[in-house]
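The residues of the chain are indexed from 1 along the displayed sequence.
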Amino acid sequence: MIYDALFGKPLISLVTVGFAGIVVWFFLSSQRPTTRLVVQILFFGLMTLILVRSGIEPHRFQGYQAEDPQALLVILAKSLWWVHLAWAVIGFIRLYLVLEGSPREARLLQDLVIGVVYIGIALSILAFVFGVPIGTLVATSGVVAIILGLALQNTLADVFSGIALTLGRPYVIGDWILLSDGTEGRVIESNWRATHILTGANNVVVLPNSFLAKLGVTNVSRPDETHLLVLTIRVAPTRMPASIRQVMATALASCNSIVREPPPVVALKGLDATALEVELLFKVTSPSQRATARNEVLDLVYRHCKSAGLLLALPASATILTADLPTEETAQPPSVTPLALIDAIPIFATLTSGEKQKLAETTTAREFRKGDVIVREGEMLPSLMMVRAGIIAARHRGEERERFAPGDFFGETGLLAGMQEVCTLEAVTAVTVYEIDQEAFAPLLAERPALAEELAEDLANRAERFRNGDALPPERASNAHAILKTIRTIFRA
């Protein structure tokens, strides 16, 4: 019965099997390419068997009579056979034409081969189904090809440029690139027509591949995303250049947002009567960190210059009298006193001048040598310390988390809340600090509850900054309200 159904009326059976194969192919998930290929081969094999048994040769043109009622069925059956042949070949290409480790190149090669298959099948249908003389058609289509080529000139240029960029691999999805026209951002999509770049302003720039191929491309992400920054600083020549260079190196060493390996470089660029010009060369982990790192470096250069008694020079364009230039003998940089540090700490901004002066009078200067441990993790430091000069590293379980520079302070956890330090503090260089004990703070906190609020908030933010996953124990992740409650309890006693 099955034999009679298939071969009794072969043309109708062939058309039915062909359309059934199309329906089944579309319902099969694209996530199962092997199953799709097997099903496609089965339908193609069945259609071939029917054609052979019925005496129809799909690879030969057989003339049709205009009044022949079966002519349309023959054309439809042979066309379906060629379509199923194309899909079976394409299934093999998608499944087995793979370049290990190069998915983009494999996809491009697959698309090119599939394009050739479709063109070949289309020409075969014209020649063997409709009897179109392909040789004559190709020979006489030169004018049409020229017209189409001129009309699609830009599109074809984009396509072939996309092929060149894909094979050359100057960048991949996710790379940060800088173009010679100033466009900069991360590549988020690349196709035959264009490349999409997400800029730092969170805009997507779409560049045609033909335009992109003409530009110089700097791939910032290769060999890695570390990015070199150069800052030029002008310092008044009131000290020996070697001393100024050491201050700049110390400022870079105290920066938390730059890469430490390879270490930053301080280069003396020029010297005249007005300024010593210094270049600071340092790297950041990603181009997106440039603004953060530049801001921190400039802040630290200012603080270290002020701590070391250096003066920043006027711009080269400024007009000044030679007699007004500071020298090693006449330069009088402002001294960094305890009062100056208290003025620079934001949490003391609400204090009056008299209260700041009383607090400054209670400070004690302390010195630490390079390598000295100021306090160990788990110990309590019962005083607030303000860094006058030098660098201090904060380490948790041996891992460095932050560095303190002139103008920073620490020890408020023990002074205000009686809590243990969450990090070991060690002097990276020779360090000078000003120390304020609990007796000096008690009257201020009793009179100014708002100051306690600000100190508690800063303490909580400090704990959040040190915390990284489960690096700190849960009891150290106290919020501002819990810390404030502890502060009030201590100072009410």
Side-chain angles (χ1 to χ4, degrees), residues 226 228-284 293-316 325-338 340-341 344 365-374 385-395 400 402-410 425-434:
T226 54
L228 179 67
L229 293 180
V230 180
L231 283 180
T232 301
I233 306 296
R234 291 170 53 84
V235 182
T238 60
R239 299 279 184 88
M240 289 186 294
S243 300
I244 296 176
R245 179 183 175 280
Q246 183 59 42
V247 172
M248 295 296 112
T250 304
L252 290 177
S254 64
C255 187
N256 295 297
S257 57
I258 68 175
V259 176
R260 303 199 189 281
E261 291 295 336
V265 176
V266 178
L268 303 181
K269 187 177 180 181
L271 175 65
D272 53 34
T274 62
L276 173 66
E277 203 166 76
V278 183
E279 268 191 350
L280 308 182
L281 298 91
F282 53 92
K283 289 186 175 183
V284 292
R294 188 184 292 112
N295 291 343
E296 185 180 8
V297 169
L298 289 174
D299 176 67
L300 289 170
V301 165
Y302 173 83
R303 288 155 63 179
H304 279 274
C305 285
K306 189 171 183 180
S307 174
L310 296 180
L311 298 175
L312 296 176
L314 292 172
L325 293 175
T327 64
E328 293 187 36
E329 293 76 19
T330 61
Q332 296 180 351
S335 59
V336 182
T337 61
L341 286 177
R366 292 186 62 182
E367 304 282 344
F368 298 94
R369 294 175 299 179
K370 178 180 179 180
D372 284 352
V373 175
I374 300 173
M385 293 190 178
M386 302 175 293
V387 183
R388 160 67 176 81
I391 305 172
I392 298 172
R395 297 187 176 92
E400 185 172 312
E402 189 174 3
R403 289 193 172 187
F404 297 141
D408 289 328
F409 63 95
F410 58 92
L425 303 180
E426 180 180 338
V428 178
T429 64
V431 172
T432 301
V433 299
Y434 291 133

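- When the side-chain hydrogen bond (donor to acceptor under 3.5 Å, both in side chains) test is applied to S243, no partner is found at least two apart in sequence or on another chain.
- The shortest side-chain heavy-atom distance between K306 and P406 does not fall under the 4.5 Å cut-off.
- Taking the side-chain hydrogen bond (donor to acceptor under 3.5 Å, both in side chains) definition, one finds that T429 meets it with nothing, sequence neighbours left out.
- C255 and L300 make their closest contact through CA-CD1, 3.4 Å (heavy atoms, listed as atom of the first residue, atom of the second, distance).
- Looking at V284 and R294, their side chains never come closer than 4.5 Å, going by heavy atoms from C-beta outward.
- Separation of atoms OG1 (T238) and CG (L276) is listed at 9.5 Å; rounding is to 0.5 Å.
- Between I392 and F368, every side-chain heavy-atom pair lies at or beyond the 4.5 Å cut-off.
- The side-chain heavy atoms of V235 and I233, taken from C-beta on, include a pair separated by under 4.5 Å.
- Residues passing the salt bridge (Lys or Arg N to Asp or Glu O under 4.0 Å) test with K269, sequence neighbours excluded: E279.
- Heavy atoms only, all atoms of each residue included: V247 and H304 are closest at CG1-O, 3.8 Å.
- Looking at residues two or more places apart in sequence or on another chain, you find no salt bridge (Lys or Arg N to Asp or Glu O under 4.0 Å) involving E296.
- For the pair F409/L341, no side-chain contact is recorded, criterion being any heavy-atom separation below 4.5 Å from C-beta on.
- In this structure, A236 and I244 approach most closely via the heavy-atom pair O-CD1, 4.1 Å.
- To the nearest 0.5 Å, atom CG of residue D408 and atom CE of residue M385 are 14.5 Å apart.
- Between T274 and L314 there is no side-chain heavy-atom pair separated by less than 4.5 Å.
- Counting heavy atoms from C-beta outward, L280 and P264 have side chains that stay 4.5 Å or more apart.
- Between Y434 atom OH and R388 atom CZ the span is 5.0 Å, to the nearest 0.5 Å.
- The minimum heavy-atom distance between R403 and A393, with the atom names listed, is CG-CA, 4.3 Å.
- M240 contributes atom CE, which lies 11.5 Å from atom CD of Q246 (distance to the nearest 0.5 angstrom).
- Considering only residues two or more places apart in sequence or on other chains, D299 meets the side-chain hydrogen bond (donor to acceptor under 3.5 Å, both in side chains) condition with R303.
- Every pair passing salt bridge (charged side-chain N to carboxylate O under 4.0 Å, His left out) that includes a residue from residues 245-265 is listed here, sequence neighbours excluded: R260-E400.
- When side chains are defined from C-beta on, M248 counts as touching V301, because their heavy atoms get closer than 4.5 Å.
- Across all non-hydrogen atoms, the minimal contact from V431 to I391 is CG2-O, 3.4 Å.
- Counting all heavy atoms, side chain and backbone alike, V433 lies closest to V387 at CG1-CA, 4.2 Å.
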